[in-house]
Amino acid sequence: LFLLITRLCHFQLVESMSNAEKFIEAAEGFPTGALPDHQMYEHPLVKRYATKEMSFVWSPAKKFSTWRKLWSALATAEQELGLEITDEQLEEMRSHLFDIDFEYAAEKESEFRHDVMGHVHAFGKAAPAAMPIIHLGATSCYVGDNTDLIQIRDALILIKRKLVKTLSILKKFALEHKDLPTLGYTHYQPAQLTTVGKRCTLWMQDLVLDLERVTREIDELPMRGVKGTTGTQASFLELFNGDHDKVKALNKRICELMGFEKSIPVSGQTYTRKIDFNVLSLLSGIAQSAYKMCGDIRLLANLKEVEEPFAKTQIGSSAMAYKRNPMRSERVCSLARYVMSLPNAAANTHANQWFERTLDDSAVRRIYLPEGFLAVDVVLNLLSNIADGLHVWPNVVHAHVMAELPFMATENIIMACVKAGGDRQELHESIRVHSMAAGAVVKGEGKPNDLIERIANDPIFAAIHDQLDTMINPSFFVGRSPEQVDEFIADEIDPILNDNADLLNIEDVDGVNV
């Protein structure tokens with residue numbers, strides 16, 4: 001009876017509430033058990049944007065299987081150099097590189113408060129015969145730092161491939177539009193003409209410089225190798241009974257087994273965090289190039305001269321149905337802005353490493369190294385997608401050119417009239433007067449530029465009246481733009497594409513989905 005009365009009173013109370021009061025009651029708090037599969041934060045860089053290829057490079061599967069490869073390589077090299085390690089132990093390690101019990105590793109990490117030892121025991125559980133020699137002589141940074149460098153190398157190789165692909169696509173666009181005159185802009189004010197294709201080469205030039213840095217970083221990136229707890233290799237010297245040559249041979253052999261030509265010459269416990277800064281600086285450079293290109297495209301979209309791809313069913317605005325927002329270019333700029341902020345964190349990490357090492361580098365490196373690469377990978381996918389579908393509106397481009405070209409042509413008109421016997425000062429004054437009047441019409445009345453019409457009706461310019469149409473042909477004002485495009489492609493781009501033809505034949509696993 002009590003429950004019945006309580007429910008009846010609550011029902012009457014609810015019925016007397018306004019809709020606003022009912023909303024406040026319904027929206028207050030979050031009910032226990034609601035949306036159970038969606039109560040944890042999901043990183044949008046991974047969930048929404050990142051590609052499968054780059055996500056794998058920084059995945060737990062890649063990281064911890066690489067740890068096992070490094071332990072196996074260490075034991076293999078130690079056996080080759082005379083330590084008592086059996087073939088059975090090595091075979092057992094090789095047989096369990098990829099069957100990682102992550103739950104057991106997490107359990108042991110919780111017990112030891114040490115992630116490396118958690119995985120040592122997980123590997124030992126899978127390969128019990130090898131347990132006594134896993135991690136022999138090594139410190140945590142042997143697996144941690146070397147794996148980071150392997151992931152950086154593999155990620156850079158992927159970035160290189162996508163840079164080459166982007167350049168290949170932009171090459172086609174530059175050549176297709178090398179002869180199309182367009183307004184150049186300085187200070188975002190109309191300046192001398194260039195061509196749409198020539199402007200594209202400016203974007204490409206930046207990416208070429210980025211590609212050169214990526215290639216150099218791949219070629220020069222060292223492995224940490226085997227260095228010991230403070231970089232002295234003391235533990236390995238002890239293992240090999242003071243034999244320095246064997247310690248050096250061990251370091252060299254492990255680099256070979258892991259696909260590196262060299263190791264960093266000296267280190268503390270870790271490889272110098274200067275390398276991380278250099279890598280993130282490189283990624284920042286790519287982000288800067290992408291931001292510049294997509295910033296230009298966004299401005300050109302506003303002018304309705306060039307537009308990025310726009311899907312048939314794409315919605316530009318939830319409110320303004322007519323809009324064609326350059327959302328992909330905006331996404332590039334958004335992600336690029338984040339990447340450009342990362343070198344500062346890496347610089348501070350490097351600067352604050354005391355003596356041989358402090359652990360305050362660990363947590364932040366787990367964030368900015370993967371995220372820097374994940375974001376740049378997305379940016380390059382977007383650049384290729386945008387470049388492959390860029391749409392130019394030649395009539396709009398021409399209209400904007402012709403709105404400004406009469407002013408630009410005035411110096412040529414004066415010179416031609418002087419050659420025909422005219423007075424330079426009188427001609428200059430007439431041009432000045434007509435230009436001011438034409439400018440007033442454009443700005444004050446919103447009408448088209450009528451400067452050429454004014455000149456055509458002024459007797460002082462009679463000597464060139466029959467030449468006016470040819471004198472304002474936009475193609476005469478682009479300088480060497482078409483030739484510069486051809487030369488840039490032949491001298492700079494084609495050699496890159498020829499040298500990296502194998503990369504162009506690799507299909508991307510996934511593309512732009514949103």
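Residue numbers start at 1 and run along the sequence shown. Hydrogens, waters and symmetry mates are skipped; everything else that's a heavy atom, side chains included, is used.
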Undergrad: May I have the step-by-step check of side-chain contact (heavy atoms from CB on, under 4.5 Å) for N146 and F260, ending in yes or no?
TA: CA-CA 10 Å; N146 282 318; F260 280 80; over 6 Å; no
Undergrad: Does L303 form a side-chain contact (heavy atoms from CB on, under 4.5 Å) with V396? I'd like the steps, not just the answer.
TA: CA-CA 8 Å; L303 297 173; V396 178; 6.0 Å; no
Undergrad: Counting N and O atoms only, with roles assigned by atom type, does the side chain of Q288 sit under 3.5 Å from a partner on the main chain of M340, one being a donor and the other an acceptor?
TA: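 A pair under 3.5 Å: no.
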Undergrad: Do any pairs count as a salt bridge (Lys or Arg N to Asp or Glu O under 4.0 Å) and have a residue in residues 213-239, sequence neighbours left out, and if so which ones?
TA: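 Salt bridge (Lys or Arg N to Asp or Glu O under 4.0 Å) check on residues 213-239 returns no pairs.
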Undergrad: Not counting sequence neighbours, which residues clear side-chain hydrogen bond (donor to acceptor under 3.5 Å, both in side chains) with T51? List them please.
TA: D377
Undergrad: Looking at I496, is its backbone amide N or carbonyl O close enough to the side chain of N500 to form a donor-acceptor pair, meaning the two atoms are under 3.5 Å apart?
TA: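 Flag set: sc N500 to bb I496 pair under 3.5 Å.
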Undergrad: Ring centroid separation for H121 and F112, is it under 6.0 angstrom?
TA: yes
Undergrad: Under 4.0 Å between a side-chain nitrogen and a carboxylate oxygen: does that hold for D115 and R366?
TA: yes
Undergrad: Using side-chain heavy atoms (C-beta onward) and a distance below 4.5 Å, is W71 in contact with M93?
TA: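 SC-SC contact between W71 and M93 confirmed.
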Undergrad: Hey, does the side chain of T147 reach the backbone of G144 with a donor-acceptor pair shorter than 3.5 angstrom?
TA: no
Undergrad: Going through the checks in order, is the side-chain contact (heavy atoms from CB on, under 4.5 Å) test met by L175 and D486?
TA: CA-CA 7 Å; L175 289 173; D486 286 334; 3.7 Å; yes
Undergrad: Are there over 12 heavy-atom neighbours, none belonging to E256, within less than 6.0 Å of that residue's CD?
TA: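 For E256, atom CD is crowded (more than 12 foreign heavy atoms under 6.0 Å).
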Undergrad: Look at the aromatic rings of Y185 and Y188 and report parallel, tilted or perpendicular, splitting at 30° and 60°.
TA: tilted
Undergrad: Given T166, which of N385, I386, L383, N381 fulfils the side-chain contact (heavy atoms from CB on, under 4.5 Å) condition?
TA: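 With T166 as partner, side-chain contact (heavy atoms from CB on, under 4.5 Å) holds for just one option, L383.
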Undergrad: Evaluate the criterion salt bridge (Lys or Arg N to Asp or Glu O under 4.0 Å) for residue pair K292 and D206; output intermediate values, then yes/no.
TA: CA-CA 9 Å; K292 154 67 177 167; D206 288 346; over 6 Å; no
Undergrad: Report yes or no: does R298 contribute a side-chain atom to a donor-acceptor pair with the main-chain N or O of S329 at less than 3.5 Å?
TA: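 Not at all, since once roles are kept as given, no pair shorter than 3.5 Å links the two residues.
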Undergrad: Where do R161 and D508 land on the salt bridge (Lys or Arg N to Asp or Glu O under 4.0 Å) test, with the steps shown first?
TA: CA-CA 10 Å; R161 190 184 97 204; D508 291 337; 2.6 Å; yes
Undergrad: Does the structure place the NZ or CZ of R273 under 6.0 Å from the centre of the six-membered ring of Y271, at an angle of no more than 45° from the ring's axis?
TA: yes
Undergrad: For the residue pair H177 and F173, does the interplanar ring angle fall in the parallel (under 30°), tilted (30 to 60°) or perpendicular (over 60°) class?
TA: tilted
Undergrad: Sequence neighbours left out, what passes side-chain hydrogen bond (donor to acceptor under 3.5 Å, both in side chains) with S59? Give chain and number order.
TA: none
Undergrad: Do any N or O atoms from the side chain of S341 and from the backbone of Y338 form a donor-acceptor pair under 3.5 angstrom?
TA: yes
Undergrad: Is it the case that the side chain of Q89 and the backbone of A129 share a donor-acceptor pair, with hydrogens and angles ignored and the cut-off at 3.5 Å?
TA: yes
Undergrad: Within a strict 4.5 Å, meaning less than it, do heavy atoms of the I286 and I159 side chains meet?
TA: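 Side-chain contact under 4.5 Å: yes.
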Undergrad: Is the F64 ring parallel, tilted or perpendicular to the H119 ring (thresholds 30°, 60°)?
TA: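 Judged by the thresholds at 30° and 60°, the geometry between F64 and H119 is parallel.
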Undergrad: Where do Y49 and R331 land on the side-chain contact (heavy atoms from CB on, under 4.5 Å) test, with the steps shown first?
TA: CA-CA 10 Å; Y49 301 125; R331 189 184 312 151; 3.5 Å; yes
Undergrad: Using the ring-ring contact (aromatic ring centres under 6.0 Å, His included) definition, which of the options F56, Y368, W58 pairs with F373?
TA: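 Checked F56, Y368, W58 against F373; only one passes ring-ring contact (aromatic ring centres under 6.0 Å, His included): W58.
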Undergrad: Please check this pair: side chain of T66 against backbone of K62, looking for a donor-acceptor N/O pair closer than 3.5 Å.
TA: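 Confirmed, T66 side chain pairs with K62 backbone.
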Undergrad: Is there side-chain contact between I152 and D276, with at least one heavy-atom pair below 4.5 Å?
TA: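 Sidechains of D276 and I152: in contact.
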Undergrad: Could you tell me whether the side chain of Q269 and the main chain of T229 form a donor-acceptor pair under 3.5 Å?
TA: yes
Undergrad: Does the pair R94/D87 count as a salt bridge with the N-to-O cut at 4.0 Å?
TA: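 Judged by the 4.0 Å cut-off on N to carboxylate O distance, R94 and D87 do not form a salt bridge.
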Undergrad: Is the backbone of L83 close enough, under 3.5 Å, to the side chain of E78 for a donor and an acceptor to pair up by distance?
TA: no
Undergrad: Are a donor atom and an acceptor atom from the side chains of H43 and E371 found within less than 3.5 Å of each other?
TA: yes
Undergrad: CG/L74 to CE/M258 distance, rounded to the nearest 0.5 angstrom?
TA: 11.0 Å
Undergrad: Answer yes or no: is there a donor N or O on one side and an acceptor on the other, between the side chain of N348 and the main chain of N344, under 3.5 Å?
TA: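 Looks like yes, one N/O pair under 3.5 Å.
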Undergrad: Verify whether one side chain among T358 and Q353 offers a donor that lies under 3.5 Å from an acceptor in the other.
TA: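 A pair is found: one side chain offers a donor N or O, the other an acceptor, under 3.5 Å apart.
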